[in-house]
Amino acid sequence: MDLITPELRILLLANGRSARDNPNFDPWPLLKWFNPCGAATWLITELDPDNEDLAYGLCDLGLGTPEIGVVSVRELYSIRLMGGALGIERDLHWRADKPLSAYARLARAAGRILS
């Protein structure tokens, strides 16, 4: 499964440029990645236009402390689960209904991403 389609890449890079130019930029997440065998979840808003391996968003490794930060796309692609049969997946049905700051506020209070 593609974690980032060509269409999503265009939108994520546009958000990355907007974030670089506007410190108050608070976009809605464009995609949700998750570990199908565990609790890790990522709500991603943008890609760094200078380094497309770096995705930015709300990161929750399932340890009770979700945080806004950066994750390596290459590293997520490399994760193999269930003897290599599975990897990190993109939730094809998920759609954001609020900006990243709202997801972060709710996740911090709950100790996990609520989506």
Side-chain angles (χ1 to χ4, degrees):
M1 166 183 287
D2 282 336
L3 293 180
I4 302 173
T5 64
E7 297 83 7
L8 282 170
R9 182 173 303 282
I10 290 167
L11 297 171
L12 290 163
L13 287 168
N15 276 356
R17 287 186 292 277
S18 294
R20 182 175 51 196
D21 297 337
N22 178 359
N24 296 319
F25 187 59
D26 188 17
W28 289 30
L30 295 173
L31 55 87
K32 175 183 175 183
W33 293 329
F34 66 97
N35 176 343
C37 301
T41 304
W42 299 264
L43 301 182
I44 302 300
T45 59
E46 62 211 62
L47 287 175
D48 183 331
D50 298 321
N51 182 353
E52 292 185 28
D53 180 48
L54 300 179
Y56 180 82
L58 182 59
C59 306
D60 180 1
L61 299 180
L63 304 173
T65 57
E67 61 185 45
I68 291 178
V70 177
V71 63
S72 166
V73 177
R74 191 174 325 127
E75 188 174 312
L76 290 183
Y77 267 111
S78 73
I79 294 172
R80 303 310 310 155
L81 308 160
M82 301 294 292
L86 296 173
I88 300 302
E89 296 185 12
R90 178 170 44 91
D91 187 333
L92 300 176
H93 305 286
W94 183 83
R95 298 291 177 263
D97 60 5
K98 56 188 141 292
L100 184 64
S101 62
Y103 281 105
R105 191 170 37 258
L106 292 169
R108 286 183 190 119
R112 65 183 180 90
I113 292 177
L114 303 170
S115 61

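On a predicted model such as this, the values are computed, not experimentally measured, just so you know.
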Quick one: which residue pairs count as a side-chain hydrogen bond (donor to acceptor under 3.5 Å, both in side chains) with a foot in residues 52-63, not counting sequence neighbours? Arg9-Glu52, Asp53-Ser72
Compare all side-chain heavy atoms of Ile88 with those of Asn35 and state whether any distance is below 4.5 angstrom. yes
Does Leu58 share a hydrophobic cluster with Leu3, counting links as ILVMFWY side-chain heavy atoms below 4.5 Å and allowing steps through other members? no
Identify whether Leu13 and Phe25 are in the same connected component of the hydrophobic contact network (ILVMFWY, side-chain heavy atoms under 4.5 Å). no
When rounded to the nearest 0.5 angstrom, what is the spacing between CG in Leu12 and CZ in Arg17? 10.5 Å
Which pair of non-hydrogen atoms, one from Pro36 and one from Gly87, has the smallest distance, and what is that distance? CD-O, 3.4 Å
Show, in sequence, the C-alpha distance, side-chain angles and deciding distance for Trp42 and Leu76, and conclude whether the side chain to side chain contact (heavy atoms under 4.5 Å, CB included) test is met. CA-CA 10 Å; Trp42 299 264; Leu76 290 183; 3.6 Å; yes
Between CD1 on residue Ile10 and CG on residue Leu47, distance to nearest 0.5 Å: 11.5 Å
Which of Ile44, Ile4, Leu8 passes side-chain contact (heavy atoms from CB on, under 4.5 Å) with Arg90? Answer is Leu8
If Ile, Leu, Val, Met, Phe, Trp and Tyr residues are connected whenever their side-chain heavy atoms lie under 4.5 Å apart, and connections chain through other members, are Leu100 and Val71 in the same group? no
Counting distance only, does the side-chain N/O of Asp91 pair as donor-acceptor with the main-chain N or O of Lys32 below 3.5 Å? no
Out of curiosity, Asn15 CG to Arg20 CZ, how far, rounded to the nearest 0.5 Å? 12.5 Å
Taking all non-hydrogen atoms of both residues into account, name the closest pair between Gly62 and Ala39 and its distance. CA-CB, 3.8 Å
On a heavy-atom basis, the closest approach of Asp48 and Asp50 is OD1-N, 2.7 Å
Tell me whether Leu92 shares a hydrophobic cluster with Trp28, the cluster being built from Ile, Leu, Val, Met, Phe, Trp, Tyr side chains joined at under 4.5 Å. no
Sequence neighbours excluded, every pair satisfying side-chain hydrogen bond (donor to acceptor under 3.5 Å, both in side chains) that has a member inside residues 94-111: Asp26-Ser101, Asp97-Tyr103
Nearest 0.5 Å, please: how far is CZ in Phe34 from CD1 in Ile113? 12.5 Å
Nearest heavy-atom approach of Pro27 to Thr45 is CG-CB, 3.6 Å
At their closest point, which heavy atom of Ala96 faces which heavy atom of Pro29, and how far apart are they? CB-O, 3.3 Å
Report the C-alpha separation of Leu31 and Thr5 in whole Å, then their side-chain angles, then the decisive distance to 0.1 Å, and conclude whether the side chain to side chain contact (heavy atoms under 4.5 Å, CB included) test is met. CA-CA 10 Å; Leu31 55 87; Thr5 64; over 6 Å; no
Between Pro49 and Gly16, the two heavy atoms sitting closest are CG-C, 3.8 Å
Count I, L, V, M, F, W, Y as connected when their side-chain heavy atoms are under 4.5 Å apart, and connections chain through other members. Are Tyr77 and Leu61 then in the same cluster? yes
With sequence neighbours excluded, residues passing salt bridge (charged side-chain N to carboxylate O under 4.0 Å, His left out) with Asp21: none
